[in-house]
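Within every chain, numbering begins at 1; the chains are lettered A, B, ... in the order of the sequence lines, protein sequences first and strands thereafter. Below, each value reflects all heavy atoms present in this structure, side chains not excepted, and no hydrogens, waters or symmetry copies.
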Amino acid sequence: MIEVKELTKQFGQFTAVDKISFDVKPGEIFAFLGPNGAGKTTTIKMLTTLTHPSSGSMRLNGYDPVKNPTEARQSFGIVFQDPSLDDELTAMENMEFHAVLYGISKAERKKRIESLLNFVELWDRRNDLAKTFSGGMRRRLEIARGLLHHPKILFLDEPTLGLDPQTRNHIWSYAVKLSRDEGMTVFFTTHYMEEAEQNADRIAIIDHGQIVAMGTSEDLRNQTNKATLEEAFIELTGSEIREEQASSMDQMRMRRRAWSNKKII
Amino acid sequence: MNAIYILWLRQLIRYFRSKSRIIGSLAQPLLFLIALGFGFGPIYTKAGGGNYIQFLVPGIVGMSIMFTAVFMGIEMIWDRKFGFLKETMVAPVSRFSIMLGRILGGATVATLQGVLVMIISIFVGFRLDNWFLVIPAVVVMFLIALIFTTLGTAIASIMEDMQGFQLIINFLIMPMFFLSGALFPLTGLPPAVTAIALIDPLSYGVDALRGILLGASHISMPLNIVVSLGVWAILLGIGSILFAKMEA
Ligand SMILES: Nc1ncnc2c1ncn2[C@@H]1O[C@H](COP(=O)(O)OP(=O)(O)O)[C@@H](O)[C@H]1O
Ligand SMILES: [Mg+2]
């Protein structure tokens, strides 16, 4: 369902993603783990047509995101690392906007929006502006929106960052249920190892733009002779703190998160 | 087609929802109308120019449209900063449709703003012989709005953040306003000033508005329209290249 070969992204001299290759099977839940700045978001951006790769090839649902962006875009839904709702629109309007952009017919639109908003438990709040929502509610709305057009693949880039355990559990139960019931492929990143442990069929670990290990959680633990995935992860990626490597982009992102509820105009 | 419509609708919903912004943005044109209209009116009349308010209103309408339109275009930077732009960029829709939807939405809002200014101007003494003239005037207003929303969108496609915004306003938009003939007649000026006015796209839009509303223009009406359409086409061409290259 997702095929990646020798995929590379350079920003000037700096190589953010360095010749990575992997395949994700249909219906598989695939975790993409790595420290800050490892290249996870950049990989997702290339797969989802937001940025062009420097070299290498990709296939999503059989389509090349570079050559056939429209077909590739129709195939996936995404929850971005950063917030992406229109705060000045209601939950309903955010959903309708998406439905029209993806060419969903009017009759289907109504049913689908209602069932998805019920699914993420936001139906009662459908007429409230997105800016009045808590972080967890926004995330759930983004998930419902990403699922609206029946994507074959769902990308989740740190979907649970900064959320309480209850909300995190909720979000994973939605994703896993859809994957099991509808055969949807899920590609996600997270910093919470237990989320990968519990939900992922397979895990890839990326560091400094390169994949350093790939397999089931058990494979990774056996390979490193460690008892937990967390220990295996640290063994594979080293224990130094990556905060200093967090680029200005990352810092801006953190600030943006703090701001996202504030209006500037 | 539907994508263009929904992007247009989004801008309108946002506009009507921000009442304080609508009212706030009427303050500046009102100030210009009162200060300049009443301040310079007597001198203008004494010099044989006729009623200055009549002359000034199309200029101030053009000004409000230009400022609103540029802002509506540049606002895309916020959509990029706060993430919403990505939602449109991963949709199965061509980049050109996305840009066009945004431009049409922004231009509609700017035109509405221009109509509001025209209504306000009645209170400072603006009169029309025939109110049906408002219909062709709105068409010209929309054309002005298209030009400057497209300009704002093109600028926003290459601007990283809002830091350059003041620069754009002070070194591009302000000069375009003051040198366009919005405030003074284009006749009898030093040749250098005339030359500058004639490379300023706002001059043609404002002159066309005067031609329609007052029946008097300094530039021929067909030329006003052809130049305005031409400028828009060029900006749309440049804008769509920049927009397509942009990474959200
Ligand atoms: N637009 C950009 N220009 C320059 N460097 C970038 C850009 N985007 C990301 N990077 C750099 O690429 C590296 C990988 O970033 P990213 O993919 O966001 O990491 P992750 O999502 O794994 O935390 C980081 O060092 C980051 O600073
Ligand atoms: Mg990231």
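T41(A) and Q81(A) form a side-chain donor-acceptor contact under 3.5 Å, judged by distance and modelled atom types alone. S84(A) and R145(A) share a side-chain donor-acceptor pair at under 3.5 Å.
Proximity to chain A is limited to the side chain of I13(B), based on heavy atoms less than 4.5 angstrom apart. In this structure, the portion of E93(A) lying under 4.5 Å from any heavy atom of chain B is its side chain and not its backbone. Contacts of S97(B) with chain A are absent, with no heavy-atom separation under 4.5 Å from either backbone or side chain. Both the backbone and the side chain of H98(A) come within contact range of chain B, each with at least one heavy atom under 4.5 Å from a heavy atom of that chain. Of the two parts of L85(A), only the backbone, made up of N, CA, C and O, holds a non-hydrogen atom closer than 4.5 Å to a non-hydrogen atom of chain B.
Partner of M46(A) under the side-chain contact (heavy atoms from CB on, under 4.5 Å) criterion, out of V66(A), T8(A), L7(A): L7(A) alone.
Using the six-membered ring where Trp is involved, F71(B) and F165(B) have ring planes that are perpendicular, over 60° apart on the 30 and 60° scheme.
No other option in L7(B), L9(B), D79(B), I4(B) has as many heavy-atom pairs under 4.5 Å with chain A as L7(B). Among Q74(A), H149(A), E96(A), the residue with the largest count of heavy-atom pairs under 4.5 Å with chain B is Q74(A). Taking chain B as the reference chain and counting heavy-atom pairs below 4.5 Å, the highest number among T48(A), T49(A), L89(A), I78(A) is found for L89(A).
Annotation: side chain of F187(A) is in contact with side chain of I44(A) (closest heavy-atom distance under 4.5 Å). Counting heavy atoms from C-beta on, the side chains of F148(B) and M72(B) never come closer than 4.5 Å.
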